[in-house]
Amino acid sequence: MTRFITSSFSHLILLIGILIMVIPVWMIFASSTHTSSMINMNGLQMFLGDSFYENYLRVLLYKGGFFKEITALKMFFNSFIMATGVAILSVITSLMAAYALVYYRIKYATLLFWIIFITILVPLELRIFPTYSVMAELNLVNSYFGLIVPISASAIATLFFRQFYKTIPDELLESAKLDGANTWRFFVDFLIPLSKTMIVAMLIFMFVFGYNQYLWPLLVTTSEQYWTVVMGLKMMSGSIVHRFAFVMMSMVPPILIIIVLQKHFIKGVFQDK
Amino acid sequence: MSFLDLKNVTKIYPNGTKAVHETSLSIDEGEFMVFVGPSGCGKSTLLRMVAGLEDITEGDINLDGKLMNEVDPSERDVAMVFQNYALYPHMNVYNNLAYGLKNRGIDKETIEQKVNDAAKLLQISDYLQRKPSMLSGGQRQRVAMGRAIVRNPKIFLFDEPLSNLDAKLRIQMRLEIKKLQQKVGVTSIFVTHDQVEAMTLADRLAVINNGIIEQLGTPIEIYDNPKSLFVAGFIGSPQMNFLDGNLKNKTLSAESFKIKDIISDFEGDVTLGIRPEHLSQKENGLINLKVDLVEQLGSDNLVYGQLKDKKDFCYRCPGNLIIEKGSNLSLNIENNKYYIFDKSTGKRVN
């Protein structure tokens, strides 16, 4: 009986927490399906209206920005390119960095690793001026390359891969060597397949990280053609329902990614062998 | 020149530890050589130098007439079975066996043929599609051996491959390894710390201690004729009994007995070694044993007790003899089978 009470109590707390998080989102969604005059007169709505298609279609195709050059659809495309680019590039670099740190006879490999690791303490916002000036020198302002590259070295992903590689027994490498595998083959035939779940987890993690970038894209793009969704949240003009609709749509990609790949994500981050 | 030649091979680790002292050894083609010794004696290091997994500090290793020192492990054409098997966890058994062949650029049909032949020989044909995690210890062991066999290497290296198995399976796999080696006829080196494994498997045995080969020979040679105190103590189960004594004018005095007419010119403090199985009961024998404990193994009894000076002593007798705890036995050494070692150097003197 006491167990029943304690478990219902904890469930109750969880439910309240969920409601606190979900209700505002739901209110935005419900409101975004009404007409703007309805919202202006009656405030936020709890129930669905009937302007869903009208509002969302208009937001997707409406040309916004100062120069009326960009649509929400294009912003989604930009965000997708940026997030995917960041995810793939940072997974590749950290896989390889971890491989070199663990398997090559590098002097001071541990020290080097910790130097990489403390870059976590130096977020992009702190090094934004030098980074921008490098990008400007290289003529990469207003390009996808400029959006992606400066945030594509991930110390966290390097940490995860390094710790994982360290758990792989040395005999596996030795055995592979005797079977005629060189360093590259060992990487491709062993480490990549063995860290598959972790790669997926890091891809998700870095995708969301790239998608959520705000300050960097704001600085490195002056052309509206390169606006991303998160920038658009601030830049979009228009009536309140259209903004709400845009907010709702901006949440969809990361949620989709998590829903589809969450099993791999959990397996990869909390790996037990 | 023999098939595998080690000439003054030495291993010094960067921290200065000398794991293997100048070791020279020749192994003939098809021979089954066992390195045996306590943990940390350098036997695995020696094996890993043959495999190319450890650099050779000094000396030469020649395999089939070719100097191996600078040859990469992948080019040496050796196969190794590791203690924990080191199977590739993400590949099924078939690919575990085929991987080494694929890397050598062998065509698909030949690989399939070879893998199937090896699988048949080891009776693992039914598991070819399974991942290693779905196999039992014995099956994994077989896959590890299959991976070695399938490549048809110049030499097999076994690094304590049986120590992860339970006792029954270990004996079974021991037999299988021996049979398999005889069938395939590949030169093999087997590293173990288990002297029973060493005795049963070896054509020749190298007893290693502190990075030095103490004695090299057939198992029976080493058992019958140990050249040092260490070898005498290490080979044979239960262990040889050791008694302190003194040798003077060809007469040995130890405990409360004397042995005359010993064939040795050595004079001084010695250690007398007697194997538990080289004793028999006889009235007015040399040795008086007060029995503390009897282990009945069925075929044999192991009788543990103390001599007059409280020294522990073991006697092995046939299982049909009934020996009471607390009784006093009078024992004689059979056929003068005793060993005398210089106490200071451990070298055999008789």
Side-chain angles (χ1 to χ4, degrees), chain A residues 91 95-96 98-100 102-111 160-203 263-264 266-273, chain B residues 14 44 47-55 71-92 95-106 111 131-133 140 143-161 164:
Chain A
V91 164
L95 260 174
M96 290 187 156
Y99 180 48
V102 176
Y103 285 100
Y104 281 60
R105 279 185 210 162
I106 306 173
K107 260 192 177 174
Y108 313 117
T110 317
L111 181 74
F160 267 96
F161 287 126
R162 174 184 181 262
Q163 297 313 101
F164 174 64
Y165 291 167
K166 289 205 150 205
T167 65
I168 294 176
D170 286 344
E171 282 88 351
L172 202 64
L173 171 67
E174 292 173 346
S175 181
K177 265 192 200 164
L178 290 173
D179 259 347
N182 55 26
T183 22
W184 176 249
R185 284 251 72 91
F186 181 67
F187 183 59
V188 174
D189 290 343
F190 290 83
L191 291 184
I192 291 182
L194 284 172
S195 37
K196 214 162 55 191
T197 49
M198 192 165 282
I199 289 173
V200 175
M202 287 301 129
L203 279 175
K263 222 162 67 187
H264 297 279
I266 290 167
K267 248 204 237 160
V269 176
F270 305 103
Q271 198 152 40
D272 58 325
K273 291 205 301 164
Chain B
S44 282
L47 186 82
R48 291 166 58 83
M49 283 196 280
V50 174
L53 299 173
E54 298 275 358
D55 294 331
V71 179
D72 197 69
S74 57
E75 309 282 318
R76 288 195 185 194
D77 205 6
V78 300
M80 188 154 166
V81 178
F82 292 85
Q83 181 172 358
N84 63 3
Y85 319 134
L87 300 181
Y88 309 142
H90 57 297
M91 297 183 192
N92 62 21
N95 284 325
N96 261 283
L97 296 187
Y99 185 71
L101 299 173
K102 278 182 195 158
N103 277 338
R104 279 173 174 69
I106 295 168
I111 291 178
K131 291 264 176 77
S133 55
R140 284 180 205 188
V143 176
M145 292 207 305
R147 206 167 56 179
I149 288 171
V150 79
R151 282 202 357 236
N152 211 357
K154 284 190 181 139
I155 191 159
F156 279 166
L157 307 172
F158 297 91
D159 191 1
E160 309 208 15
N164 281 0

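Sequence lines set the chain letters: A, B, ... in the order given, protein chains first and strands last, and positions in each chain run from 1. Please read all numbers here as calculations on a predicted model, not as lab measurements.
- Chosen from B/Pro89, B/Ala144, B/Ala148, B/Ser74, the residue pairing most often with chain A at heavy-atom distances under 4.5 Å is B/Ser74.
- Residue contact with chain A, scored on non-hydrogen atoms closer than 4.5 Å, involves the backbone and the side chain of B/Tyr88 alike.
- Neither the backbone nor the side chain of A/Asn182 comes within contact range of chain B; no heavy atoms are under 4.5 Å apart.
- Here the closest non-hydrogen pair linking B/Asn84 and A/Pro169 is ND2-CB, 4.3 Å.
- For B/Arg76, there are no side-chain hydrogen bond (donor to acceptor under 3.5 Å, both in side chains) partners two or more places apart in sequence or in a different chain.
- Contact annotation for B/Leu87: only backbone heavy atoms (N, CA, C, O) come within less than 4.5 Å of a heavy atom of chain A.
- Of the inter-residue distances, the one linking A/Lys177 atom NZ with B/Met80 atom CE reads 11.5 Å to the nearest 0.5 angstrom.
- Counting all heavy atoms, side chain and backbone alike, B/Ala86 lies closest to A/Ser175 at O-OG, 3.7 Å.
- Most heavy-atom pairs under 4.5 Å with chain A, from the set B/Gly52, B/Pro73, B/Pro153: that is B/Pro73.
- Side-chain N or O atoms of B/His90 include one that pairs as donor or acceptor with a backbone N or O of A/Asp189 at under 3.5 Å.
- Taking CG of A/Asp179 as the start and CG of B/Asn96 as the end, the distance is 8.5 Å to the nearest 0.5 Å.
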